[in-house]
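Just so it is clear, the model here is predicted, and its values are computed rather than measured.
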Amino acid sequence: MKTYRLFFILPALLLVFTGCSNNSDSMYSNENQPCHCIVDSLKGEWSWIKTYGGFFGNITENEFKSTLKVYSQNEDASINYEIFVEDTLFYRGGFQVQYAASGLKRNMTNMRLPHYLDSGQEWVIGFGDMMTGILDGNILCFWDGGMDGYFYYYQKIRKEK
């Protein structure tokens, strides 16, 4: 009986004492604000590679080329970025990543993407495949939050220093 308790308590203690790290393998790398570690993982250039979702869970071909460039973080914790569609600037601005602790633990962002033209859309953001839970620091996933919604996958093509 004591062995089972130790089995559950040890991992919990490790999570409590490790805190926020610059580990890009964590889908929720900025849980412990205000370290804002996620910006280190986001910096660089990302290319849209696929979309998954809808009522039947289809993988759809990209209708256009989309490139996301993430640069730096400001003192107000906003992150500077540009998004290009077919090599033409679509949007330049700042976004914030906020940790939503209610319900499912997840990072939310107000980033403007060309896949959904409503500028008020909030995205669930994570690294890797949100459908399978496989973490990968070279894949950035945006989910519109709908149960029959869409997942937009971007692959890192260049890391910013």
**Report entry** Ile79 and Thr109, any side-chain heavy atoms less than 4.5 Å apart
**Finding:** no

Query - Which residues share a salt bridge (charged side-chain N to carboxylate O under 4.0 Å, His left out) with Arg158, sequence neighbours left out - result: Glu45, Glu160

**Report entry** Residues which pass salt bridge (charged side-chain N to carboxylate O under 4.0 Å, His left out) with Lys50, listed by chain and number, not counting sequence neighbours
**Finding:** none

Query raised in the report: Between Glu86 and Lys65, is there a salt bridge with N-O shorter than 4.0 Å?
Result: no

Requested in this report: Output, in order, the C-alpha distance, side-chain angles, deciding distance and verdict of side chain to side chain contact (heavy atoms under 4.5 Å, CB included) for Gln96 and Ser78.
Outcome: CA-CA 5 Å; Gln96 295 205 350; Ser78 64; 3.9 Å; yes

Query raised in the report: At their closest point, which heavy atom of Ile83 faces which heavy atom of Arg112, and how far apart are they?
Result: CG2-O, 4.0 Å

**Report entry** Residues in ring-ring contact (aromatic ring centres under 6.0 Å, His included) contact with Phe95, at least two apart in sequence or another chain
**Finding:** Tyr81

Query raised in the report: Under a 4.5 Å side-chain heavy-atom rule over Ile, Leu, Val, Met, Phe, Trp and Tyr, are Phe64 and Met111 clustered together?
Result: yes

Report summary line: The ring-ring contact (aromatic ring centres under 6.0 Å, His included) partner of Phe142 among Tyr154, Phe151, Trp48 is Tyr154

Query raised in the report: Any side-chain heavy atom of Tyr153 sitting closer than 4.5 Å to one from Asp129?
Result: yes

Query raised in the report: Val85 versus Tyr91: any side-chain heavy-atom pair under 4.5 Å?
Result: no

Report summary line: Sorted by chain and residue number, the ring-ring contact (aromatic ring centres under 6.0 Å, His included) partners of Tyr152 (sequence neighbours excluded) come out as His115, Trp123

Query raised in the report: Any sub-3.5 Å donor-acceptor pair from Asn138's side-chain atoms to Lys156's backbone N or O?
Result: no

Report task. Over all heavy atoms of both residues, which pair between Trp46 and Gly137 is shortest? Give the atoms and the distance, please. Result -> CH2-O, 3.6 Å

Report summary line: Under a side-chain separation threshold of 4.5 Å, the hydrophobic residues clustered together with Leu89 are Phe84

Query - Distance (rounded to the nearest 0.5 Å) between Gln155 CD and Ile139 CD1 - result: 4.5 Å

**Report entry** Shortest non-hydrogen separation from Cys141 to Gly128 and the atoms involved
**Finding:** CB-O, 3.4 Å

Query - Shortest non-hydrogen contact between Leu42 and Leu140, atoms and distance - result: CD2-CD1, 3.7 Å

Report task. Would you mind telling me which of Glu82, Lys43, Arg92 makes a side-chain hydrogen bond (donor to acceptor under 3.5 Å, both in side chains) with Tyr71? Result -> Glu82

Query raised in the report: Asn74 side chain to Asp76 main-chain N or O, any donor-acceptor pair under 3.5 Å?
Result: no

Query raised in the report: Taking only residues two or more places apart in sequence, or in another chain, which ones meet Ser72 in a side chain to side chain contact (heavy atoms under 4.5 Å, CB included)?
Result: Asn80

Report task. Group every Ile, Leu, Val, Met, Phe, Trp and Tyr by side-chain heavy-atom contacts under 4.5 Å, then state whether Ile49 and Ile59 land in the same group. Result -> yes

